[in-house]
Colleague: 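Here it is: the structure, laid out below.
Worth knowing before you read on, the calculation uses all heavy atoms, side chains too, and leaves out hydrogens, waters and symmetry mates. Atoms within each ligand, like the ligands themselves, are counted from 1 in listed order.
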Amino acid sequence: MKDLRSRFGFHCTPFTREIENGERFPLAEYEDALSALLQTIEQRMSCALIAPAGTGKTSLLRAIVKRLPDARYRTHYVKVTGLSKRDMCREIAAALGLPPVGSYPSLVRKLQERFLETADTDGLRPVLILDEAHDLRVDVLAMLRVLTNFDMDSRLVLSIVLAGQPKLRDLLRREELDDVAKRLAHYATLRTLSRDETRSYLEHRCTIAGAQALPFDDGATDAIFEIGRGNLRATDQLARKSLEIAHEQDADMCGSAQVARARKHLWP
Ligand SMILES: Nc1ncnc2c1ncn2[C@@H]1O[C@H](COP(=O)(O)OP(=O)(O)OP(=O)(O)O)[C@@H](O)[C@H]1O
Ligand SMILES: [Mg+2]
């Protein structure tokens with residue numbers, strides 16, 4: 001029996017999590033959000049990216065890392081889910097190439113020294129990207145003020161990008177986090193796709209994986225939108241599973257029946 005890729009004419013696996021920078025789905029809003037965040041970082045300020053689960057935050061953060069030239073920026077991407085203050089410092093230290101050891105105050109001091117050194121000596125501007133920041137505890141988020149506050153003049157040595165689900169916005173509205181929220185010069189967001197955009201997205205993801213024709217009929221693309229509601233992650237999962245099911249059934253095309261079965265498999 002043929003394998004899945006050759007059945008649908010893919011030269012690589014479609015609907016993967018990682019996506020090459022040049023292969024991103026070209027939606028104007030995504031590119032606007034990306035440019036606005038990059039511009040804020042270029043101005044040495046901090047920013048936030050707040051959007052629902054599965055709408056493309058991590059992918060956008062990866063695009064930021066790729067777009068900031070290595071010659072000018074030192075970017076550190078950290079997934080920060082559920083960390084204590086000390087854990088957070090250790091993660092940041094590790095990302096900076098520092099030994100992640102010591103007490104919380106000594107770690108903070110080491111980080112501050114390192115950031116200053118980075119800014120003064122090799123001219124590289126440190127950018128700290130904290131993904132999944134909606135899961136951070138309030139006291140851990142409040143710690144970010146310490147990391148950006150050490151330079152006594154108003155110039156910020158470190159740009160922070162906080163990314164997370166809408167819960168992050170509520171967190172940032174808390175009084176204890178007023179100082180952190182004030183330092184965020186730009187808030188970007190991402191939205192789900194419309195029905196037409198979902199279809200274009202499916203076409204795009206199949207095309208970049210090498211397919212000449214869309215392996216989903218109109219019933220399937222509609223069903224994918226009805227179930228996935230234009231959420232990128234859900235769309236990817238449904239598309240991938242439907243293709244697997246069609247392949248198992250020896251069918252060269254996905255219809256709404258395969259999508260319905262995929263849904264049952266994914267979210268029983
Ligand atoms: N611009 C894009 N073009 C094509 N595919 C994308 C794009 N952005 C995201 N995706 C795809 O959508 C899926 C979800 O994206 P991503 O993981 O970035 O979302 P997220 O907002 O970080 O989700 P979560 O909140 O669960 O972490 C991924 O499989 C990714 O490949
Ligand atoms: Mg993510």
Colleague: Which residue in the set Asp196, Thr235, Asp236 passes side chain to side chain donor-acceptor pair (under 3.5 Å) when paired with Tyr201?
Modeller: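 Exactly one pass, corresponding to Asp236.
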Colleague: Which residue owns the protein heavy atom closest to atom 15 (O) of ligand 1, what's the atom, and how far is it?
Modeller: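 For atom 15 (O) of ligand 1, the nearest protein heavy atom comes out as Gly56 CA, 3.6 Å.
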Colleague: Under 3.5 Å, N or O to N or O, is Gly54 touching ligand 1 that way?
Modeller: yes
Colleague: Which residue holds the protein heavy atom closest to atom 7 (C) of ligand 1, what is that atom called, and what is the gap in Å?
Modeller: Ser59 OG, 3.7 Å
Colleague: Which Ile, Leu, Val, Met, Phe, Trp or Tyr residues join Ile224 in one cluster when any pair of side-chain heavy atoms under 4.5 Å counts as a link?
Modeller: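 Leu4, Phe8, Phe10, Phe15, Leu202, Leu214, Phe216, Ile227, Leu238, Leu243, Val259, Leu266, Trp267, which link up through side-chain heavy atoms under 4.5 Å apart, make up the rest of the cluster.
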Colleague: Do the side chain of Arg205 and the main chain of Phe25 share a donor and acceptor less than 3.5 angstrom apart?
Modeller: no
Colleague: Report yes if Thr16 has an N/O atom closer than 3.5 Å to an N/O atom of ligand 1; otherwise report no.
Modeller: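 Thr16 vs ligand 1: N/O contact under 3.5 Å present.
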Colleague: Ligand 1 versus Tyr201, non-hydrogen atoms closer than 4.0 Å: side chain, backbone, both, neither?
Modeller: side chain
Colleague: Ligand 1 versus Thr58, non-hydrogen atoms closer than 4.0 Å: side chain, backbone, both, neither?
Modeller: both
Colleague: Anything under 3.5 Å between a donor and an acceptor, one on a side chain of residues 54-64, the other on a protein residue two or more places apart or in another chain? List them.
Modeller:
from	atom 1	to	atom 2	distance (Å)
Thr55	OG1	Pro52	O	2.5
Lys57	NZ	Ala51	O	2.9
Lys57	NZ	Pro52	O	2.9
Thr58	OG1	Asp131	OD2	2.7
Ser59	OG	Arg24	NH1	2.9
Arg62	NH2	Glu18	OE2	3.3

Colleague: For His204 and Glu23, indicate whether the former's side chain and the latter's backbone hold a donor-acceptor pair under 3.5 Å.
Modeller: yes
Colleague: Please compare Arg205, Arg24, Gln165 and report which has the shortest non-hydrogen distance to atom 5 (N) of ligand 1.
Modeller: Arg205
Colleague: Name all residues meeting the salt bridge (charged side-chain N to carboxylate O under 4.0 Å, His left out) criterion together with Arg195; count only those two or more places apart in sequence or in a different chain, and write none if there are none.
Modeller: Asp222, Glu226
Colleague: Between Glu203 and Arg199, does at least one N-O distance fall below 4.0 Å, as a salt bridge requires?
Modeller: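 Looking at Glu203 and Arg199, the cut-off is met.
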Colleague: Would you mind finding which of Arg240, His134, Arg62, Arg233 brings a heavy atom closest to atom 16 (P) of ligand 1?
Modeller: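 It is Arg233 whose heavy atom sits nearest to atom 16 (P) of ligand 1.
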Colleague: Got the closest protein heavy atom to atom 30 (C) of ligand 1, with its distance?
Modeller: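 Protein heavy atom with the smallest distance to atom 30 (C) of ligand 1: Arg17 O, 3.4 Å.
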Colleague: Would one find an N or O of Leu60, backbone or side chain, under 3.5 Å from an N or O of ligand 1?
Modeller: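 Between Leu60 and ligand 1, no N or O pair is found under 3.5 Å apart.
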Colleague: In ligand 1, which numbered atoms sit nearer than 4.0 Å to a non-hydrogen atom of Phe25?
Modeller: 1 (N), 2 (C), 3 (N), 4 (C)
Colleague: Which of these, Lys57, Glu132, His204, has its nearest heavy atom closest to atom 27 (O) of ligand 1?
Modeller: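 Result: the heavy atom closest to atom 27 (O) of ligand 1 is in Glu132.
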Colleague: Enumerate the protein N/O/S atoms at a distance below 2.8 Å from the Mg ion (ligand 2), ignoring waters.
Modeller: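 Within the sphere that stays under 2.8 Å of the Mg ion (ligand 2), the protein atoms of type N, O or S are Thr58 OG1.
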Colleague: What protein heavy atom sits nearest atom 12 (O) of ligand 1, and how far off is it?
Modeller: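 Going atom by atom, the protein heavy atom closest to atom 12 (O) of ligand 1 ends up being Leu232 CB, 3.2 Å.
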Colleague: Could you tell me whether Arg174 atom CZ has more than 12 heavy atoms of other residues or ligands within 6.0 Å of it?
Modeller: no
Colleague: Starting from atom 13 (C) of ligand 1, find the nearest protein heavy-atom neighbour and note its residue, name and distance.
Modeller: Asp236 OD2, 3.4 Å
